Structures are given as structure tokens and as C-alpha cells.
Amino acid sequence: MADRTLPSFSLSLPGTRRAVVVGAGSFGTAVAVLLVRAGLRTTLQARTAEQADRLRADRENRVYLAGVELPRELRVESVESGLARADLVFLGVPSRGLDAVIRGLTGAGLPPRAAVVSLAKGLVPPDGTAPTILLRDGFGADRVAVIGGPAHAREMVADGAGLVAASASQELAATLAGVFTRAGVVCEVSNDPIGVELAGAAKNAAALAAGATEGQGLNAAGAAAGHIFAEIWRYAEAQGARPESFIGLAGTGDLVATALAPQSRNRRAGELLAEGVASHEIPQRIGQAVESLDMVPLLARALGANGVEAPVTGGLSRLIAGELPLDAWVALVRTTVPPPARWIRRPRPGFWARMRARFSRDPRQAS
């Protein structure tokens, strides 16, 4: 990995750095709490002034993270307050509205040397673009990062988590990892932001698929998750992502955490789909946005546009749209055969390698 240095991200005393978390959902709130623990001067920005007033009065996010006290050092305000003094800006908003937030960062006073960190585990409409690609195009790769890994908000605040900080800038990734480590959270460093983002997207889609199929048996649920993970990996590989991003914390680690979590929104959304609940009614049933319901159709289109064979991801998109009955979805999962393995033939050793092997044999083995 190439060394990159940016003076604006030099490691300094925790108390001298200012962070703003845009979005007061469960994960954004949890990240804000951790940033305060790490010693950063942190502001949590809510969507509206009314929501900010409620958070300040309650010192608790009773809607999205009930029971977690907001530190007295955490400043709470609305997004209208701007970003003029921020060194680190964390975007904790759903990917469905992320493009509008990104377009508004400069107008909100984002300083020219501030870093922008995506917390989303989804893709941005209408083309299914990874958030860091939009951020990179607007602000440069060395100012952009993404946080991935298994990190359910409540447990992260109470017991820790295993995060991944990914950026094209080694120094920015290391700075973020240092911040979360000071807050008591394990944080891996990665220079594969696209891989980490697509691993998170694959996790959400696979969890939704498993939830929709679990009632038909664990084998079917496992096959659904496995097919989707593999299909999205083939797409990620074409985008330059590396396999370790899918194998490690950001991919399989996050998938296991989501599959086991009783409060997993994506798995629960899959279960509701299997019960016949229309996809547009599911967020209201769950009480929060469900990234995968919007993201899977985007993924299916992106995979198709890039020539990736993805019958299970496409089928899940049709299930969400109400175009594919549950029994047909399960039959698709059970009968889909993945593409054949790409057999790698070992090259025949060169002449001198063959000579060395021949004359290094034990004479007692010679015929």
C-alpha cells in the first residue's frame, strides 16, 4: 500500500480535533457517543430543529437508541448549523438521501481540508453508486473514508465492536482507527474503501435474503445468503475490490453479526416479505429505514449493467417489488447453480527449474 501523507490529518491531541456527525439515527448517535469518549469535540446534527431540541432535553435518543445516555460533552444541533469548524464529518444518513447531503456539504461550510466519512451500508440511487465514489469525485480520494464492520449501535456503545476504517489515504484511515481505539473499539485499517462498502451492501442483501427464506429451512436460507454474497463479490472484484474485504470484518464478520442479531432490521424485513407484507409497509412496521429494500434493486441493476450473472440478487429484487411469489423465490434459490470455478493451471517450470529439480533428487530414489 502506498504511503500517503496529508498535513490536515496529522495525529494530534484528541481534544484539539472537532467532529460532526450528520444524522441522529441509531448508528450516527452511537458513533457520536464514541467520538466523545475518544476525546473529540463532537457535535451530533439532527435532521430538524425539533429533533435536536428533543435530544438536548432528554439527553437520550429515545426514538432510535433508547437507554443510552448522551454524554454531557456532546453538543446537539440541527443540520442548519453547518460544518464550518469541522475537521472530521461523519455522514450517518440513509444511502437513499445521501446524494443530496453530499451535494450540500460545500454549501454547509465544509472546510477545504476536512475529511468526510461515510457510515452508510448501502448504494446511492439511481445508479447504485458506492457513497465513497460520489465523495471522491467531489472532494478527492484522500479526504474520503468509510466505516464498516459488525457494529450494532447499542452493543457498540456498551460492549465494543470490530470496525474497519477504509480510505485511499493511509494517514486518514490510521487517524480514524486511532480515534475508535481510544474509544475502546477495535478498528482495522484498510485501503479498499470500495470493497468495504460493497461488503456491507452484500451483508445487508444477504441478511434480507436469509430472512425471506428461513421459514423454508436453514439450508435454503444459507444458500440464499451465499449466492448473493458471491454474486456481489464478482461485481466488487470487477470494481477493483480485494477478497479480504469480503472475508474479514466488513464482510463475513458483519454478515454473521446481522444473521444472529434478533434486532436486525434487514433480516426482519426479509421475514416480513415472506409473510406477504408489501415492501413499502415494512419500514413503518420496523420503525426505521431498511437500507436493503432500496439497495437490492440498485444492486441488481448495477450487476446486470456490468455483465455479472446474478439470478438470485435479481430474484430478490423481484420479490421486494412483489413480482415474484415466495415459492418461486425459494425454488430459484434451491435450483440456481453458480458459475463454474475458474481453474488455474500451474505453469510448467522453466528449463533451469526442471534441471535443478532433476539433479537435486535423492540418488537412492533414482531408477
Side-chain angles (χ1 to χ4, degrees), residues 95 120-131 133 148 192-214 216-256 258-259 264 266-267 269-270 273-274 279 290-321 323-324 326 328-343:
S95 56
K121 291 183 179 178
L123 303 177
V124 181
D127 299 321
T129 308
I133 292 179
D192 185 23
I194 299 300
V196 168
E197 282 185 309
L198 289 176
K203 178 272 297 190
N204 280 343
L208 180 77
T213 319
E214 185 179 1
Q216 308 300 315
L218 296 179
N219 289 344
H227 279 305
I228 285 182
F229 222 65
E231 290 172 0
I232 297 173
W233 158 243
R234 287 191 284 273
Y235 169 64
E237 186 180 30
Q239 306 304 307
R242 298 196 309 275
E244 57 263 36
S245 296
F246 274 65
I247 295 169
L249 291 174
T252 54
D254 204 0
L255 175 60
V256 170
T258 298
S264 167
N266 292 290
R267 192 188 71 181
L273 280 175
S279 60
V290 181
E291 294 257 31
S292 57
L293 293 174
D294 294 319
M295 183 192 61
V296 168
L298 294 176
L299 270 171
R301 288 200 294 273
L303 269 60
N306 284 268
V308 177
E309 186 178 346
V312 179
T313 305
L316 184 59
S317 176
R318 292 167 58 207
L319 180 69
I320 291 171
E323 299 169 355
L324 187 70
L326 180 65
W329 154 253
V330 174
L332 175 67
V333 168
R334 291 190 184 279
T335 58
T336 294
V337 178
R342 294 175 295 182
W343 299 105

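Owing to the predicted nature of the structure, the values given are computational and were not obtained by experimental measurement.
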Gap between atom CG of Leu208 and atom CD1 of Ile320 - 0.5 Å precision: 5.0 Å
Flag the pair Val124 / Ile133 as yes when at least one side-chain heavy-atom distance between them is below 4.5 Å, and no otherwise. no
Note: Lys121 and Glu291 closest approach over all heavy atoms is N-OE2, 4.0 Å
Which heavy atom in Val312 sits nearest to a heavy atom in Glu231, and how many Å separate them? N-OE2, 3.1 Å
Counting heavy atoms not belonging to Asn306, are there more than 12 under 6.0 Å from its CG? yes
Please check this pair: side chain of Thr252 against backbone of Ile247, looking for a donor-acceptor N/O pair closer than 3.5 Å. yes
Nearest 0.5 Å, what's the CG-CG distance between Asp254 and Asn204? 7.0 Å
Note, Leu123 side chain near Ser95 side chain (heavy atom, < 4.5 Å): no
Any donor and acceptor pair, going by atom type alone, linking the side chain of Asp192 with main-chain N or O of Ser245 inside 3.5 Å? no
Between Arg301 and the options Leu298, Leu303, Leu299, the side chain to side chain contact (heavy atoms under 4.5 Å, CB included) test singles out Leu298
For the CZ atom of Phe229 and the CZ atom of Arg234, what is their distance to the nearest 0.5 Å? 12.5 Å
In terms of heavy-atom contacts, Ala269 and Val290 come closest through CB-CG1, 3.7 Å
Where do Glu309 and Pro339 come nearest, in terms of heavy atoms and distance? OE1-CG, 4.1 Å
If I take atom CE from residue Met295 and atom CG from residue Asn266, how far apart are they, to the nearest 0.5 angstrom? 7.0 Å
Tell me the closest heavy-atom pair linking Leu326 and Ala212, and the distance in Å. CD1-O, 3.5 Å
